[in-house]
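First the proteins, then the strands, lettered A, B, ... as listed; each starts at 1. Here the structure is a predicted model, which is why all the values come from computation and not from measurement.
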Amino acid sequence: MGGAQYFTGTDYLLSLPIILLTLFALGILLIDLMIPRELKWVNAATAFVGVLFAAGGLVRIQLAQAELMLQGERVEWAFMHSMIMDHFAIYFSYLFLAGAAIAILMSVRYLEIEHEHHGEFYSLILFSVVGMMVMASGFDIVLIFIGLELMAISTYVLVGFLRSDKRSNEAALKYLLLGAFSSGIFAYGLSLFYGLTGSTNLVNIGIGVQRELTARHNHASPILVVALLTTCVGLFFKIAAIPFHQWLPDAYEGAPTSVTGFMSVAVKAAAWAMLLRILIWGLYPMRKVYLPLLIFVSIVTMTGANLAALTQNNLKRLLAYSSIAHVGYMLLGLVAFASVDYPDAAMTDGLKGILLYLLVYTFMNLGAFAVVTSLRQRDVIGDEIDDIAGLFSRAPTEAVLMLIFLLSLAGIPPLAGFYGKYFIFLSLMESGHYVLASLAVLYAVFGLYYYMRIANAMFMREATDKTRLPISVAMKFALGVSAVATVYIGIFPERFIKLVTWSAGL
Amino acid sequence: MVPVSYYLILSGILFACGVTGFLIKRNIITIFMSIELMLNGVNLSFVAFAAEWKALSGQVFVFFVMVVAAAEAAVGLAIIIAVYRTRETLNVDQVNLLKL
């Protein structure tokens, strides 16, 4: 791509949040050695400050970009066009930081109960956020791949963090084997794209693919189809769309609950950022080729996940299947995007829907997992539906908040979850996919049933253990933030719709 | 000079062997080795294409894939040891606590 021979100040400015987070993560590893057992919460506080600093770095980038914009200069590319800090990347970086911050708050007391309170935990969370930011801002397949692996390897360790727990070990093993397998397939697809276009940069890959398609009158050559299929299989593994979802329920069930919450929002959002970058920015010319694949995968995902969730008795597993179902809805937004040509409302609405969905999903799902996390006691694992029975009499505020999160997940207006679904269904109608839209609405009703099973247990059933549930200050804060965000986005959506429109660069 | 297609066919075979091994083997270590085989197939195809295009970026990717594979092996073996300590088996069929 040419350009400067050496890194400039711009490069360092645009990677400021990544640098800060790495420093804090390394710092926690050092500090952890010096502090005694009782003071392990200092690590959590350091990690939280690190997240705030990274957010400050993002603000700094935005201010600098706005200032240079006035002089008519766009400063987005960094490191010789291998990284781009555009609105999309900044938006996702904020999302990852929010997810990480809430997950850190959820973890403090939980890890103490599990007797596994180590500084590495927070360090690994920060490292995985670094990987996510690289995935969202990378515009070169080398960088995207490294970011993906940094995130994935940190998460494998987080899932297996409860070393003496059989379930945690098993979850980590399954996640590791399937994660590494999917990374291998993904890398093979990338190698074929490199071979076809001679570049690792997404811009050049897009141009090369367009040239290839034009030369063959818009018919994809077999090698191009193989490249697309392997890349897509890798991507679908990472977002856990059916039939590539087998790792997800096991990893979610076995992982420490606060990690499950973190994975279900931040790791998932990062996988989505990568998928959108590659399919929309890089392989845009091939959208008519991957459209049938997307339609197939989204239908199978919605059907399979909603049916499987109906019969689950484990809360974490139920929420795992519900998160797969949400991936199915989000894929529909991409279907709408891919099935129309450029200046069409369905295109912008589809993309807006996905981005808004990921935003509201972060808060409502983390909130739900925060409630499940607080059920963990000294001798109670607390992740079965029976454990949440009678929650209203044990912790009324928590039960009401959980109800809000569940209704939002089901997509009931005026809560935040409604607007995610609204834009996606709207974009489907605009692009003429009426059958798909009605199917999706039908499955949303299925969703209401299994979410209400949890609500029914909380409010209508008697508690087996009648003691009040102790809730730490950090957890109250995490719950409060998630609940306020879920309700606020639902009641005043305009600002957030503007935000996602801005982030998509529309 | 050997044509590039030969390398690609070999890389495809390596990759397919890796995928097959991953799917049919039951020992965790063997499954892990199959994944390494897949990554080696990827590496071979990257260097072959890099030589064909006379561009370095493909070879750079290979270095990173090797680093990633090493990091994954380090974490993976640690997890495998943890699993072995709690269960005393390395057969994936017996690692089956989490189920529907």
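- In terms of heavy-atom proximity, A/Gly198 sits nearest to B/Ala55 at O-CB, 4.4 Å.
- Between the side chain of B/Trp53 and the main chain of A/Gly195, a donor-acceptor pair closer than 3.5 Å is present.
- Heavy-atom distances place no part of A/Thr311 under 4.5 Å from chain B, backbone and side chain included.
- Looking only at side-chain heavy atoms (C-beta outward), A/Glu170 and B/Val83 stay at 4.5 Å or farther from each other.
- Only the backbone of A/Arg163 comes within contact range of chain B, with heavy atoms under 4.5 Å apart.
- For the pair B/Phe22 and A/Leu178, the minimum side-chain heavy-atom distance is below 4.5 Å.
- For a residue to count as touching a neighbouring chain, one of its non-hydrogen atoms must lie under 4.5 Å from one of that chain's; by this rule B/Glu52 does not touch chain A.
- The backbone N or O of B/Phe46 sits nowhere less than 3.5 Å from a side-chain atom of A/Tyr194 that would complete a donor-acceptor pair.
- Across all non-hydrogen atoms, the minimal contact from B/Thr86 to A/Ser164 is CG2-O, 4.0 Å.
- In this pair, A/Phe145 and B/Phe61 present their aromatic rings tilted. The plane angle is within the 30 to 60° band.
- Within the model, atoms CG of B/Leu8 and CD1 of A/Ile223 stand 7.0 Å from one another, a figure rounded to the nearest 0.5 Å.
- With a 4.5 angstrom heavy-atom cutoff, A/Thr197 touches chain B only via backbone atoms.
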> Going through the checks in order, is the side-chain contact (heavy atoms from CB on, under 4.5 Å) test met by B/Phe32 and A/Leu176?
Replying inline: CA-CA 10 Å; B/Phe32 213 70; A/Leu176 169 90; 3.4 Å; yes
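- Within the 4.5 angstrom heavy-atom criterion, atoms from both the backbone and the side chain of B/Val19 approach chain A.
- Each of B/Ala78, B/Ala71, B/Ala50 has some count of heavy-atom pairs under 4.5 Å with chain A, and the biggest count is that of B/Ala50.
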I'd like a table of donor-acceptor pairs (distance under 3.5 Å, sequence neighbours excluded) in which one partner is a side-chain atom from residues 183-190 of chain A, with atom names and distances.
unit_1	atom_1	unit_2	atom_2	d
A/Ser183	OG	A/Glu149	OE2	2.6
A/Ser183	OG	A/Gly179	O	3.0
A/Ser183	OG	A/Lys238	NZ	3.3

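- Of the atoms belonging to A/Leu173, heavy atoms from both backbone and side chain fall under 4.5 Å from chain B.
- Atom CZ of A/Arg211 has 12 or fewer heavy atoms from other residues, nucleotides or ligands within 6.0 Å.
- In this structure a side-chain-to-backbone donor-acceptor pair under 3.5 Å is present from B/Arg87 to A/Lys166.
- Note: A/Ala180 leads A/Ala171, A/Ala180, A/Gly160 in heavy-atom pairs under 4.5 Å with chain B.
- Within the model, atoms CG of B/Leu39 and CZ of A/Phe181 stand 11.0 Å from one another, a figure rounded to the nearest 0.5 Å.
- Between atom CD1 of residue B/Ile28 and atom CG of residue A/Leu177 there is a gap of 6.5 Å, rounded to the nearest 0.5 Å.
- If you take CG on A/Asn201 and OG on B/Ser57, they are separated by 9.5 Å, rounding to the nearest 0.5 Å.
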